[in-house]
Amino acid sequence: MTVAAIVPAAGRGERLGLGRPKALAVVGGLTLVARAVDGLVAGGVDVVVVAAPPGDEDAVRSALGHRCATVVTGADDRVGSVDAALAALPADTEVVLVHDAARCLCPPDVVRAVVDAVRAGHAAVVPAMAVADTLKRTGPAGEVTATVDRSGLAAVQTPQGFAATTLRAAHDRARARREAGEPPAATDDAGLAEDLGVSVVTVPGDPRAFKVTTPLDLAMAEALVVAGSA
Ligand code: C5P
């Protein structure tokens, strides 16, 4: 059974402010995209397809060096980038993970847990963390309008895992919605599967699977690598 992973790495990463795509930012001497691919392979993934920012395909290829990964051209939104990578998966793929390059320190154990849950028969799996902060709903002037009960809430991470047929069907439906001029049902892949009526299960996430978005996140990632904690 082939376990494949798609790495959407085509974001420009403007909030990081480096003047180059986020996936090519460096943490502890390695790019985010190379770290993300290494984590997936260590977690049992056989085949990796990376979606690169249009025009930066060669830079992503050279960041990946010896790693066995196919690079395709990404799109101008994340769903489109995943779509482009889906088209490049081997035909015999049965399990497919979608893993943001920006979550480059996700431990291999989380990858393995997601793969195992899909293999056990769950069509869609997400790593989830309890929400630590108190959550408020706010109005247009920033005023608090309600306190949200966080007991039933979870923050979800990647890799998200799917039976390959489920992910393909979810993206077919997302494409049909786009072509009909409808707004996207979700920006993450599990959300697209929910839109199909597929039930999504959770496995425990990990704080190290946080998404590198801002310069502070990059500094935290660097500190974790230097301390040997990731
Ligand atoms: O922008 P954000 O941090 O939400 O992006 C999450 C992940 O999706 C990143 O790894 C980014 O490279 C990827 N992405 C993509 N194509 C886009 C936008 C984002 O592959 N057009």
Side-chain angles (χ1 to χ4, degrees), residues 4-27 30-41 43 45 48-64 67 69-89 96-107 110-111 114 126-129 155-162 167 170-171 174-175 177-178 183-193 205-221 230:
I6 287 172
V7 179
R12 289 279 155 206
E14 269 144 26
R15 287 166 289 180
L16 207 48
L18 293 179
R20 64 170 179 274
K22 177 159 68 180
L24 297 176
V26 173
V27 167
L30 259 188
T31 55
L32 302 197
V33 66
R35 282 191 182 278
V37 171
D38 288 346
L40 287 164
V41 171
V45 167
V48 183
V49 179
V50 178
D56 284 310
E57 295 87 345
D58 285 344
V60 168
R61 262 183 215 110
S62 94
L64 289 171
R67 291 170 186 79
T70 304
V71 176
V72 299
T73 304
D76 55 11
D77 63 17
R78 186 184 175 286
V79 172
S81 296
V82 173
D83 230 359
L86 255 179
L89 288 184
V96 54
L97 271 48
V98 183
H99 185 39
D100 292 340
R103 296 187 188 270
C104 62
L105 300 185
C106 177
V110 175
V111 177
V114 171
V126 294
M129 300 275 294
V156 306
Q157 305 176 323
T158 73
Q160 300 188 342
F162 304 90
L167 188 63
H171 275 258
R175 208 175 310 111
R177 276 191 185 281
R178 194 169 50 230
T187 52
D188 76 317
D189 300 280
L192 300 182
D206 189 289
R208 287 165 291 183
F210 70 97
K211 184 164 74 170
V212 172
T213 304
T214 65
L216 176 66
D217 299 326
L218 201 56
M220 285 199 305

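The basis for the numbers below is simple: all heavy atoms, side chains too, and nothing from hydrogens, waters or symmetry mates. Order of listing sets the numbers, starting from 1, for every ligand and every atom in it.
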Given the options D38, V48, L64, V33 meets side chain to side chain contact (heavy atoms under 4.5 Å, CB included) only with L64
Who's touching ligand 1 if we go heavy atoms under 4.0 Å? P8, A9, A10, G11, R15, K22, A75, D76, D77, R78, S81, D100, A101, A102, K211
I'd like to know if the side chain of D56 and the backbone of A59 have a donor-acceptor N/O pair within less than 3.5 Å. no
In chain order, what residues pass the side chain to side chain donor-acceptor pair (under 3.5 Å) check against Q157, with sequence neighbours excluded? none
State which residue, out of V126, L167, I6, L192, fulfils the side chain to side chain contact (heavy atoms under 4.5 Å, CB included) condition with F162. L167
Do K22 side-chain atoms and V212 backbone N/O form a donor-acceptor pair below 3.5 Å? yes
Are K211 and D100 close enough for a salt bridge, meaning some N to O gap below 4.0 Å? no
